[in-house]
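Only one structure is covered here, and it is reproduced in the block below.
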Amino acid sequence: METLQMKEAALVYLDRSGGLQKFIDDCKSYNDSKQSYAVYRFSILIDPCDVVELDADLGNHILHHPLKAARVFQSVCFVAVKTLSLIGQLQTETQINIVLKLTHLPALPSYTLDLCEFPLNYASQRFYMMQGIVIAMTTITKYTQGARFLCSDGVCPLSKGFQYVRVHVPGATESATVRNDFLCSLCSSSLQEDRKFRVLGDKQIVEIITTKMFHAFQGDSKNQPFRFQSLGIFLRDELVNKMKIGNEYKIIGIPVCVKTSQTALCVEANNITPHTAKVPLGISDNFRRLLSLTSSSCWKFTAMLANVFASQIVAPGTYNLLKLCLLMSLVQTRDCNREREDCLDILVITSDTLLVDR
């Protein structure tokens, strides 16, 4: 009964948010295509706040059990396809691959993955938000979204149809989707892939580091080569080429433990948004224009201002407040950094103590 209520809530949300019409349009594109598909991939934009207001159970599943929530939407979409006759080639519910794209996460600490805090929770299979700067990325490669397998025994009833469809899930490697040692659950014969139904997608891996790492090494005078510990982010399909090296992004994704030659923590990205600094009020148009021109980098704006004002940082003139802010931005103010010896001391002489306190 609980699952049925969540399915009804999912259908209502799709209808209210416009997701149902988008789903119908995507189905028409698939139906008009002459290509054979093992799976049909649909991306659904989800606003967690709206879903929670509509149905708390469904909202809880989306935030804490996204794979189960995707199956709820999968069932709803399958019924819609069959009821409205949207895709004539579709036979089974497992052929529908639903990807829930979250617009945001609640602004609570439990939904933030802090790359500087350990242990990191990568076993919960739920969404987290993290923020970091891109330091490296790979070229775009292909991965298998879904594949169709058939029993090799021609007498077996599972030697035809779409009873064996394998779909990529977050954290799965390529061998988990496609390999040659799968067995039929009915007769134990080996399964063979029907390659003409394989569906491929684009994949890209980027490495990010948290901005806190720069603060940790601030003032370090050792000229020894070192490399920051990074976190791998998997970008798939519509997310590839959405990130640039040197830019800072907010990322919503599911942490996964990838086991290759070495066990590593990575994140399957669900949504990414550029992180841009807010422009303070009272800044002249020239500075706003400079900020706009240097927005492609997270450090160009500050670096150019420091280069302009550093030689005359205490000289009389204009932009005294800006000079003070530049200096204050170098100061570690968090409690965890008060014991550091290489901090910056600032002497400010002014009659306006309220401004300094602020």
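Note that the structure is predicted; figures quoted are calculated from it, not measured.
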Would you say the ring centers of His104 and Phe127 fall short of 6.0 Å from each other?
no
When rounded to the nearest 0.5 angstrom, what distance separates CD in Glu193 from CZ in Arg148?
11.0 Å
Using the six-membered ring wherever Trp is involved, compare the ring planes of Phe197 and Phe162 and label them parallel, tilted or perpendicular (cut-offs 30° and 60°).
perpendicular
So, Arg16 and Asp50, do they make that salt bridge, N to O below 4.0 Å?
no
Might you work through the side chain to side chain contact (heavy atoms under 4.5 Å, CB included) test for Tyr37 and Gln95, ending with a clear yes or no?
CA-CA 9 Å; Tyr37 295 92; Gln95 288 181 261; over 6 Å; no
Inter-residue atom distance Leu100.CG - Leu67.CG, 0.5 Å rounding
9.0 Å
Return the CG to CZ distance between Leu191 and Arg166, rounded to the nearest 0.5 Å.
9.0 Å
Separation between OG1 (Thr177) and CZ (Phe149), nearest 0.5 Å, reads 8.5 Å
Check whether any side-chain heavy atom of Phe42 sits under 4.5 Å from a side-chain heavy atom of Cys77, and report yes or no.
no
Taking the side chain as C-beta and beyond, is there a heavy-atom pair between Asp153 and Cys184 under 4.5 Å?
no
Can you name the closest pair of heavy atoms from Ile87 and Val81 and give their distance?
N-CG1, 3.7 Å
Test Tyr143 against Asp237 for side-chain hydrogen bond (donor to acceptor under 3.5 Å, both in side chains), laying out the working first.
CA-CA 10 Å; Tyr143 81 102; Asp237 304 305; 2.7 Å; yes
Side chain to side chain, Gln145 and His168, heavy atoms closer than 4.5 Å
no
Answer yes or no: is there a side-chain heavy-atom contact under 4.5 Å between Pro170 and Phe234?
no
Is there a donor-acceptor pair closer than 3.5 Å between any side-chain N or O of Lys7 and the backbone N or O of Phe73?
no
Measure the shortest side-chain to side-chain distance between Tyr30 and Leu86 over non-hydrogen atoms and say whether it is less than 4.5 angstrom.
no
Is the side chain of Gln74 donor-acceptor paired with the backbone N or O of Ile96 at a distance under 3.5 Å, no angle test?
yes
Between Gln204 (side chain) and Ile140 (backbone), is there a donor-acceptor pair under 3.5 Å?
no
May I ask you to check if Arg126 and Tyr128 form a cation-pi contact, with NZ or CZ under 6.0 angstrom from the six-membered ring centre and within 45° of the axis?
yes
Donor-acceptor contact present, side-chain Ser189 to main-chain Cys151, <3.5 Å
no
I'd like to check Tyr249 versus Lys244 (side-chain heavy atoms, cut-off strictly below 4.5 Å). Are they in contact?
yes
Are Val267 and Met130 close enough that some pair of their side-chain heavy atoms sits under 4.5 Å apart?
yes
For Glu248 and Gln131, indicate whether the former's side chain and the latter's backbone hold a donor-acceptor pair under 3.5 Å.
no
One pair to check against side chain to side chain contact (heavy atoms under 4.5 Å, CB included): Tyr40 and Asp26. What are the steps and the verdict?
CA-CA 9 Å; Tyr40 299 87; Asp26 292 341; over 6 Å; no
Salt-bridge present (Arg236, Asp202; N to O < 4.0 Å)
no
Would you say that more than 12 heavy atoms from the other residues, nucleotides or ligands in this model lie under 6.0 Å from the NZ of Lys68, or not?
no
Answer yes or no: is there a donor N or O on one side and an acceptor on the other, between the side chain of Asn271 and the main chain of Leu102, under 3.5 Å?
yes
Would you check if Gln125 and Val256 make a side-chain contact, meaning some heavy-atom pair closer than 4.5 Å?
yes
